[in-house]
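Working notes, structure below.
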Amino acid sequence: MPEETLPKTYDPVGTEARWQQAWERSGAFHPDPEAPGEPYSVVIPPPNVTGSLHMGHAFNTALIDTIVRFQRLQGKNVLCLPGTDHASIAVQTILEKQIKAEGGSREDLGRDAFLERAWAWKAESGGTIVGQLRRLGYSVDWQRERFTLDPGLNRAVVEAFVRLHEQGLIYRGEYLVNWCPASGSAVSDLEVEMKEVDGHLWHLRYPLADGAAGDGSDHLVVATTRPETLLGDTGVAVNPHDGRYAHLVGRMIALPLTGRRIPIVADAHVDPAFGTGCVKVTPAHDPNDFAIGQRHGLAQITVMAKDGTMNEQAGRFAGLDRFEARQAVVAAMEAEGLLVKTEPHRHSVPFSDRGKVPVEPLLSTQWFVKTEPLAARCRQALERGEPRFVPERWSKVYRDWLTDIRDWCISRQLWWGHRIPAWFVVSETGGEITNATPYVVATNAAEARAKAEARYGEAITGRPLQLEQDPDVLDTWFSSGLWPFSTLGWPGEGGAAGGSEAEPADLARWYPTSVLVTGFDIIFFWVARMTMMAGAFLQEAETPTGGRDSWIPFRDVYIHGLVRDENNRKMSKSAGNGIDPLLLIERYGADALRFALVREVAGAGQDIRLDYDRQSDTSATVEAARNFATKLWNATRFALMNLGGETPGSLGEPDRAHLQLADRWIQSRLARLNRDTAERFGSYALGEAAKGLYEFAWNEVCDWYLELIKRRLQDPAQQRTARAVLAKVLNDLLVMLHPLMPHLTEELWHGLTGEAAGTFLALQPWPELDQAALNESLEASFAELIEAIRVVRNLRAVAGLKPSQPAPVQFVTNRAALTQLLQEATADITALTRAECVEVLDSTAADAARTGQRALAGVCGELQVLLPIEGLVDLDALRGRLEKDLAKAAKEIKGLAGRLANPSFTGKAPPEVVAECRANLAEAESQAELARKRLADLG
RNA sequence: GGGCGAUUAGCUCAGAGGUAGAGCACUACCUUGACACGGUAGGAGUCACUGGUUCGAUUCCAGUAUCGCCCACCA
């Protein structure tokens, strides 16, 4: 045994850190755009700088890194670009909460101090996240790390805003938006989550204004879940075909509590079957009412302030919180005898994702992106199959969302984010920003001033020019939407004013990216926004000859599932059921965690469930992966102890003339694995790839091949061939496993090959496929041999032989090929079954030899296995085994014979299936016959 | 109200038109110089239900049920 050997178990923590540092220091993952090799690029979904990473990030990372490491082994020029997202509203919410806890407010702090604090937060949280990504062994280019709020990306955001505005795709206007009173900002439709809430349906009496109608009725009853909006009602609507109210359409209502006269209108939106069939219309506080109001020219009266309290339009209710006002209005109506009834009512209420409070539809002046033209381009691209979704079904989700899309409100009344590049000419409106204030959009203040000067300058208007930048910032997803090209250098040095000529090298080389890997939960938020943005800015680069073949920012979109907890619940911060990836990394190693996560992945993008014990912070799933790492470690350790200091390189190709059955078998299996694994990695079947490698390594290499060559490795006359095959198998296995378990394989590969520390497995080529080694019939024969050995072992176990006790083994078969196989493998069988001796006989020879002899006997296929020993064996157990064999054969015979007896089967089924069926029947019959005979012998 | 997924061994999940597999857990034996984070052998499933297509379905189709997710303006 060599002096130098590995410890018995693998300690991942130190090893992983060592390789992470080595990779990064060497610039192994810092690609040169000019380098040869087909470009392959991935921009990672930038985690929000809202704290630390959760298991979902670890999962996403494991998938992406597996893919890019595989592509690197394929010789591609791979860029994997990391970064983080400023997460405007999420971060601001966290900070405001902190500040509030300290007894202050952001207004007290002021914008500059607040932003300073936000940047400090970013530094800390971003640092934590980047540290965690490193600990996973992410093979990204840290030199190209980006942050959505860094100066380069800010240039891209400003450029994008300016260009969209020039194209008429950004506009400003007063519309009903989703207002989040908690964050004091507008939010987009996507940031609103509908929640089922137990509320009430209040039936309120609305008197007619000008006396009773012809039929004597003097009022209508409306049903509402939001009585407080009564104060802003400007109409009542009924269905035009509702006979009950037809005669009242056009009459006026005297709105209670306000004395306002409002009309009764007929609108098809009203469902006569719901409630009373009468709907109060509050255009300034409800999207449907807004639409009804538009159709009938109703006034819009806003009765609520931005903080969720009632405003001066609410009269005596002014100043009340909206929920207090609800109760107060109901009470007032009741006092006036106008509350008809109150019913419990379960309904959906829009909540703000971040603020966790109900959003308020509110009329507000905001910036919007006109989405339909952008969406149309994306839909057209999708018709051409771009991008390709994996699994395909998500393309439908994506397309449906791009159809009937609504405009995107992009302005946020926040501070942390990209400031909107619009300057108001406040000198035109008395120093105030109002809805009437003209504005200019420009890339910077100087340009804005120049533009404004030309239109509103003193020379023209006679007033001194006064500009003020819009205080609002952009929706985070506006900058995230540019991520696949802003990170690659778009729009280049030129910017809007300069008119960029040359594309940045990274953009030219790596755009469009190869694949986007992300969860389905952000298809709308992110994927669709990226394609829409790309459609606005990258189309001009599309050229029929040369250039890029598509403006769509990614060729493939691989959508994966969510990681769920041990109870199959979605992990979330609020539910407190997250599992800290670092805890598992510390315990089992990053490779084990990665392998466990990837191995769980099914082809269809299903959610995965991670097994976890919260008492002990252990996970059986990850532990199994760690055990696999240890198994690989020990297999390599065994190899190092037996290669006599040689390496795969020094041993070279094994001498074909000396290859034994086991060698040819493992080489065939290896070639098959190579082919299948490359195919699986290449088609995002990562879980299958992982399982295939696991089974090969454990069940074929460790369980059989290593056991089979142990004797030869000790024999100087035979060891060279066995060493060469072993070294090659292990080497290739480590390369193929590298995308999944990068650190362990890097470590073991260096041990095996003796390569210098500065040479990396990560940058090696994928093993060449040895097509000639593939041998299906040999694999089939070998499977028979394995089966024969299993039967011997089983017999020994059933008969209660001690593992250490040698026993003679006889095989009986009349098939020449099988006879030859068993004879060739006699030494192997001897070693693996503790055989005293191994004989292969035909049935006549066996009958002759067996006279009067009691033997342990079993059958497998057409092979009889005999252990002719006398003495203390458990005959009952043996009888049981044979009876089981017999029952199994009988059942098979019944099924097969039944099928063959059916003329439509023999007539219509493919001939080869019928033939196979006949062969199986024959085999089962002979097996049954053998079993019966042996049973009879036992007496 | 639409759409999508899931339903297979105790648990977590693969799978393929020809009568079921893995990991973990379980049982028995084994500290045999790679590995007890291990080895050998073993037990365990009418593949949710009902129809249909087919010579044959757990695998394809339709419907049902249960669970989960997404979208949607019924006040």
Side-chain angles (χ1 to χ4, degrees), chain A residues 1 5-6 8-10 194 201 222-226 229 237 269-271 273-282 286-292 345 347-348 350 361 391 393-394 396-397 400-401 404 520-521 523-524 561-562 564 566 568 570 588 592 596 599-611 620-621 623-642 687-688 691 694-695 699 702-703 706-707 710 790 793-798 800-804 832 834 891-892 895-896 899 902-910 913-914 916-917 920:
Chain A
M1 197 195 301
T5 186
L6 303 168
K8 269 170 103 170
T9 53
Y10 171 55
M194 299 304 275
L201 196 57
V222 300
T224 182
T225 55
R226 303 197 54 200
T229 62
H269 170 260
V270 180
D271 175 3
F274 186 88
T276 60
C278 299
V279 182
K280 60 193 270 317
V281 184
T282 321
D286 183 277
N288 296 315
D289 293 5
F290 183 84
I292 296 175
H345 181 61
H347 63 133
S348 298
R393 64 189 148 92
W394 293 110
K396 185 170 154 12
V397 176
D400 288 352
W401 191 72
D404 293 328
F520 58 78
D521 48 332
I523 290 181
F524 307 142
L562 268 34
R564 315 190 79 101
E566 68 280 11
N568 206 20
K570 187 173 161 176
Y588 302 112
R599 190 179 200 269
E600 291 296 313
V601 179
Q606 292 299 318
D607 290 352
I608 65 167
R609 191 187 296 202
L610 189 66
D611 174 277
T621 312
E623 189 174 302
R626 189 273 320 264
N627 293 351
F628 178 53
T630 305
K631 189 75 178 175
L632 289 167
W633 177 266
N634 279 300
T636 307
R637 180 166 171 259
F638 170 79
L640 293 181
M641 285 159 44
N642 286 282
E688 275 185 69
K691 283 172 218 166
Y694 179 98
E695 279 165 23
N699 304 131
C702 293
D703 288 353
L706 290 187
E707 294 305 324
K710 275 180 178 169
R790 286 219 165 107
R793 287 168 168 175
N794 174 266
L795 282 177
R796 292 180 52 109
V798 164
L801 285 183
K802 282 220 152 45
S804 54
L832 296 190
R834 291 254 175 189
K891 192 183 158 203
E892 211 178 324
L896 292 166
R899 258 205 281 172
N902 183 350
S904 48
F905 171 68
T906 46
K908 291 188 182 172
V913 171
V914 177
E916 194 191 333
C917 200
N920 288 345

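A, B, ... follow the sequence lines: proteins, then strands. Residue 1 opens every chain.
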Which is true for R637(A) with a 4.0 Å heavy-atom rule: it touches a base, it touches only sugar-phosphate, or it touches nothing? sugar-phosphate

In whole angstroms, the gap separating P of rU40(B) from CG of L832(A) amounts to 10 Å

Per atom distances to the F524(A) side chain, the nearest of rA41(B), rA75(B), rC70(B) is rC70(B)

Taking atom P of rC74(B) as reference, at what distance in whole Å does atom CG of N288(A) sit? 8 Å

Classify R226(A) by what it touches in the nucleic acid, base, sugar-phosphate, or nothing, heavy-atom distance under 4.0 Å. nothing

Check: L610(A) and E600(A) side chains under 4.5 Å, non-hydrogen atoms: no

Nearest to the side chain of P803(A), which nucleotide is it out of rA34(B), rA75(B), rC29(B)? rC29(B)

Without decimals, in angstroms, what is the distance between N634(A) CG and rU31(B) P? 19 Å

Is the NZ or CZ atom of K631(A) both under 6.0 Å from the centre of the six-membered ring of Y10(A) and within 45° of that ring's axis? no

Give one of base, sugar-phosphate or nothing for D607(A), where a contact means two heavy atoms less than 4.0 Å apart. nothing

At under 4.0 Å between heavy atoms, what does L706(A) touch on the DNA or RNA strands: base, sugar-phosphate, or nothing? base

Checking contacts here: which listed nucleotide (rA14(B), rU40(B), rC55(B)) is nearest the side-chain heavy atoms of A909(A)? rC55(B)

Go through the steps for K8(A) and T630(A) under the test side-chain hydrogen bond (donor to acceptor under 3.5 Å, both in side chains), then give the verdict. CA-CA 8 Å; K8(A) 269 170 103 170; T630(A) 305; over 6 Å; no

Can you tell me the distance, in whole Å, between the CZ atom of F520(A) and the P atom of rG68(B)? 14 Å

Atom NZ of K891(A) and atom P of rU19(B): how far apart are they, to the nearest Å? 11 Å

Report which part of the nucleic acid C278(A) touches: base, sugar-phosphate, or nothing (heavy-atom distance under 4.0 Å, all strands). nothing

Please state the C1' separation for the pair rA28(B) and rG5(B) - nearest whole angstrom. 42 Å

Among rC13(B), rC35(B), rC55(B), which nucleotide has an atom closest to any side-chain atom of T630(A)? rC35(B)

Nearest-nucleotide comparison on RNA chain B, the residue closer to the 5′ end among H347(A) and N902(A): N902(A)

rC4(B) base to R393(A) side chain: any donor-acceptor pair below 3.5 Å? no

Identified pairing partner of rC37(B), criterion: Watson-Crick or G-U wobble below 3.5 Å: none

State, with a plain yes or no, whether a side-chain heavy atom of V798(A) is found less than 4.5 Å away from one of R796(A). no

Give one of base, sugar-phosphate or nothing for D611(A), where a contact means two heavy atoms less than 4.0 Å apart. nothing

Among rU40(B), rC37(B), rG23(B), the one nearest R793(A) by side-chain distance: rU40(B)

Once you apply a heavy-atom cut-off of 4.0 Å, does K631(A) come out as touching a base, just sugar-phosphate, or nothing? base

Measure from the side-chain heavy atoms of M641(A) and tell me the nearest of rC55(B), rC24(B), rA34(B). rA34(B)

Please work out if L896(A) contacts a base, only the sugar-phosphate, or nothing of the nucleic acid, heavy-atom cut-off 4.0 Å. base

Side chain of K8(A) (C-beta onward), nearest among rA36(B), rC55(B), rC69(B): rA36(B)

E623(A) atom CD is separated from rG38(B) atom P, nearest whole Å, by 9 Å

Remember a base hit wins even if backbone is also touched, and classify K280(A) as base, sugar-phosphate or nothing at under 4.0 Å, heavy atoms. nothing

Classify the nucleic acid contact of P910(A) as base, sugar-phosphate or nothing, counting any heavy atom under 4.0 Å across all strands shown. base

Have a look at F628(A) and say if it touches a base, only the backbone sugar-phosphate, or nothing, with a 4.0 Å heavy-atom cut-off. nothing

Does F905(A) have R899(A) sitting over its ring (NZ/CZ under 6.0 Å from centre, angle to axis within 45°)? yes

With rounding to the nearest 0.5 angstrom, report the NZ to CG distance, K710(A) to L832(A). 9.5 Å

Taking pairing as Watson-Crick or G-U wobble with both contacts under 3.5 Å, can you name the mate of rA16(B), or confirm there isn't one? none

Can you check the distance between rG51(B) and rA72(B), where both ends of the measurement are the P atom (answer in whole Å)? 40 Å

May I ask you to say what V222(A) touches in the nucleic acid, namely base, sugar-phosphate or nothing, with a heavy-atom cut-off under 4.0 Å? nothing

Rounded to the nearest angstrom, tell me the gap between atom CZ in F638(A) and atom P in rG33(B). 13 Å

With a 4.5 Å heavy-atom cut-off, do P803(A) and R834(A) have their side chains touching? no

Please report the distance separating the P of rA16(B) from the corresponding atom of rC60(B), rounded so that it comes out in whole Å. 9 Å

Pair assignment for rU64(B), Watson-Crick or G-U wobble, requiring both distances under 3.5 Å: rA48(B)

Of all the nucleotides listed (rA14(B), rA75(B), rC35(B)), which has the minimum atom distance to the side chain of E707(A)? rC35(B)

To the nearest Å, give me how far apart CG (N794(A)) and C1' (rC30(B)) are. 16 Å

